[in-house]
2 protein chains.
Amino acid sequence: MFELDMRSRKPIYEQLVDKMKELIMNELLKTDEQLPSVRQLATELSINPNTIQKAYRELETQGFIYSVKGKGSFVNPNQKAIDKEKIVEMKKELEKLILEALYLGIPAQELISLIQDLDASKGGA
Amino acid sequence: MFELDMRSRKPIYEQLVDKMKELIMNELLKTDEQLPSVRQLATELSINPNTIQKAYRELETQGFIYSVKGKGSFVNPNQKAIDKEKIVEMKKELEKLILEALYLGIPAQELISLIQDLDASKGGA
DNA sequence: TAACTGTACTATCATACATAGTACACCATG
DNA sequence: CATGGTGTACTATGTATGATAGTACAGTTA
């Protein structure tokens with residue numbers, strides 16, 4: 001369910017956060033559905049429970065999940081608060097990366113096709 | 001000439017490498033043109049000479065520049081060897097980021113427009 | 001009570017990046 | 001030749017971040 005890239009510059013906990021957000025926004029994890037427990041997921045992924053907890057804490061801060069002591073962590077029903085700040089940040093990152101890609105010689109049309117493909121697969125899956 | 005983001009996850013030397021490659025590929029630095037010296041650029045950017053040298057070494061390894069002891073570093077006339085590996089890597093990164101953006105709710109059309117704008121400004125500048 | 005949840009610490013290790021300092025080889029200029 | 005510029009190499013140190021290890025405590029559920 002979670003494919004981690006241990007060599008990535010992006011830390012594990014952050015990869016987890018992003019994956020979770022995708023699953024939630026794509027409704028593969030539905031409202032009030034229970035997430036795997038900190039220890040269980042840690043065992044499953046062969047990483048430290050602290051790393052999982054760090055991801056969960058971040059997800060809770062961002063309003064994607066809520067956690068209850070003794071019970072577990074669950075998908076938050078109200079995630080309308082997907083912060084605009086994050087979107088702005090994302091656009092900046094994308095702009096940088098796209099510019100690099102163009103300078104690297106990747107044709108604009110190829111990038112556009114990539115977006116269209118991803119968009120289609122996202123909606124149609 | 002070089003805008004460094006000290007807060008970025010991308011290390012300084014790597015930012016330098018990328019900037020240089022852009023300048024070279026965009027022909028803002030022309031064939032056999034001399035680059036700033038290691039110490040000079042270090043002073044100018046207020047960073048350590050070793051960091052500059054690391055960037056230059058990397059650029060030389062990748063075939064973008066060549067260095068001559070006692071003389072300086074220069075733009076390589078033959079940079080046809082723009083590695084495909086880097087392009088593949090770039091595409092993967094882009095794919096991840098675009099997917100995140102789409103899930104964040106940024107419309108595909110907006111991303112496409114972004115690419116087109118960047119592509120136009122790149123060619124027309 | 002027992003076994004599971006989340007949560008909160010401290011300590012330690014590993015890695016990558018950047019800096020500091022020194023040293024040497026080479027070239028150009030006076 | 002002497003000086004000061006170039007690239008290059010090396011060790012040591014500082015720093016920040018990520019990840020792990022271990023322990024402990026609070027709450028829930030059976």
Side-chain angles (χ1 to χ4, degrees), chain A residues 1-20 24 29 32-77 89 93, chain B residues 2-20 24 29 32-77 89 93 96:
Chain A
M1 193 171 192
F2 297 96
E3 301 156 13
L4 298 178
D5 181 1
M6 307 307 270
R7 300 177 189 174
S8 170
R9 182 132 59 203
K10 182 183 285 188
I12 296 177
Y13 81 91
E14 203 169 317
Q15 292 183 46
L16 281 172
V17 168
D18 291 345
K19 295 274 185 186
M20 290 289 191
I24 291 172
L29 284 175
D32 288 322
E33 182 172 343
Q34 184 162 7
L35 302 179
S37 82
V38 168
R39 293 173 180 82
Q40 175 189 338
L41 189 53
T43 302
E44 188 178 324
L45 299 179
S46 301
I47 59 180
N48 193 285
N50 291 327
T51 305
I52 306 290
Q53 202 219 334
K54 186 169 186 181
Y56 279 16
R57 191 191 314 141
E58 180 68 18
L59 282 167
E60 185 162 19
T61 297
Q62 294 187 22
F64 286 88
I65 69 173
Y66 63 93
S67 299
V68 184
K69 225 183 279 185
K71 300 189 71 174
S73 299
F74 309 85
V75 176
N76 196 330
E89 209 176 312
E93 276 190 67
Chain B
F2 297 96
E3 302 156 13
L4 298 178
D5 181 0
M6 307 307 271
R7 299 177 190 174
S8 170
R9 184 129 60 200
K10 182 184 285 189
I12 296 178
Y13 82 92
E14 202 169 318
Q15 292 183 46
L16 281 171
V17 168
D18 290 345
K19 295 275 184 183
M20 290 289 191
I24 291 172
L29 284 174
D32 289 321
E33 182 172 343
Q34 184 162 6
L35 302 180
S37 82
V38 168
R39 293 173 180 81
Q40 176 189 337
L41 189 52
T43 302
E44 188 177 324
L45 299 179
S46 301
I47 58 179
N48 194 284
N50 290 326
T51 306
I52 307 289
Q53 202 218 333
K54 187 170 185 179
Y56 279 15
R57 192 192 314 141
E58 180 68 18
L59 282 167
E60 186 162 20
T61 298
Q62 293 187 23
F64 286 87
I65 69 173
Y66 63 93
S67 299
V68 184
K69 226 184 278 185
K71 300 189 72 174
S73 300
F74 309 87
V75 176
N76 196 330
E89 206 176 316
E93 277 189 64
K96 282 186 192 174

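No experiment lies behind these values; they were computed from the predicted model shown. We name chains A, B, ... by the order of the sequence lines, and we start the count at 1 in each one.
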In whole Å, what is the span from the [atom1] atom of [X] to the [atom2] atom of [N]?
{"X": "A/Ile52", "N": "C/dT7", "atom1": "CD1", "atom2": "P", "answer": "13 Å"}
{"X": "B/Phe74", "N": "D/dG7", "atom1": "CZ", "atom2": "C1'", "answer": "10 Å"}
{"X": "B/Ile65", "N": "D/dT8", "atom1": "CD1", "atom2": "C1'", "answer": "13 Å"}
{"X": "A/Met6", "N": "D/dA19", "atom1": "CE", "atom2": "P", "answer": "7 Å"}
{"X": "A/Leu16", "N": "D/dG18", "atom1": "CG", "atom2": "C1'", "answer": "13 Å"}
{"X": "B/Gln15", "N": "C/dA18", "atom1": "CD", "atom2": "C1'", "answer": "13 Å"}
{"X": "B/Ile47", "N": "D/dT15", "atom1": "CD1", "atom2": "C1'", "answer": "17 Å"}
{"X": "B/Gln53", "N": "C/dA18", "atom1": "CD", "atom2": "P", "answer": "14 Å"}

Along DNA chain D (nearest heavy atom to each residue), the more 5'-positioned of B/Arg57 and B/Gln34: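 Looking at DNA chain D, the more 5' nearest nucleotide goes with B/Gln34.
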Here's a test of your reading of the structure: between A/Lys69 and A/Lys10, which maps to the more 5' nucleotide of DNA chain D?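 Closest to the 5' end, via its nearest nucleotide, is A/Lys10.
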Closest listed nucleotide, where the reference is the side chain of [X] and the choices are [options]:
{"X": "B/Lys54", "options": "C/dA18, C/dC17, C/dC9", "answer": "C/dC17"}
{"X": "A/Lys71", "options": "D/dT28, D/dT6, D/dA19", "answer": "D/dT28"}
{"X": "A/Asn50", "options": "D/dG22, C/dG6, D/dA19", "answer": "D/dG22"}
{"X": "A/Asn48", "options": "C/dA20, C/dA8, D/dA21", "answer": "D/dA21"}
{"X": "B/Arg9", "options": "D/dA26, D/dG7, D/dG18", "answer": "D/dG18"}
{"X": "B/Thr51", "options": "C/dA8, D/dA19, C/dA18", "answer": "C/dA18"}

Hey, does [Y] have a side-chain heavy atom less than 4.5 Å from the side chain of [X]?
{"X": "A/Leu45", "Y": "A/Thr51", "result": "no"}
{"X": "A/Phe74", "Y": "A/Leu29", "result": "no"}
{"X": "A/Met20", "Y": "A/Val17", "result": "no"}

Tell me the closest heavy-atom pair linking B/Ile65 and B/Tyr56, and the distance in Å.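 Nearest pair, atom of B/Ile65 first, then B/Tyr56: CD1-O, 3.6 Å.
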I need the minimum non-hydrogen distance between B/Arg9 and A/Glu14, along with the two atoms involved.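 Minimum heavy-atom contact is NH2-OE2, 2.7 Å.
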Could you tell me whether the phosphate oxygens of [N], OP1 or OP2, come under 4.0 Å of any side-chain nitrogen or oxygen in [X]?
{"X": "A/Tyr13", "N": "D/dG18", "answer": "yes"}
{"X": "A/Ser73", "N": "C/dG6", "answer": "yes"}
{"X": "A/Ser67", "N": "C/dT7", "answer": "yes"}

Need one value for B/Glu60: base, sugar-phosphate or nothing, where a base atom within 4.0 Å counts as base even if backbone is also close, heavy atoms only.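 Sugar-phosphate only.
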B/Lys96 with A/Asp18: basic N within carboxylate O range, under 4.0 Å: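 Salt bridge: no.
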Is there a donor and acceptor pair, one atom on the side chain of B/Arg39 and one on the base of D/dG7, closer than 3.5 Å?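 Under the 3.5 Å cut-off, the side chain and the base do form a donor-acceptor pair.
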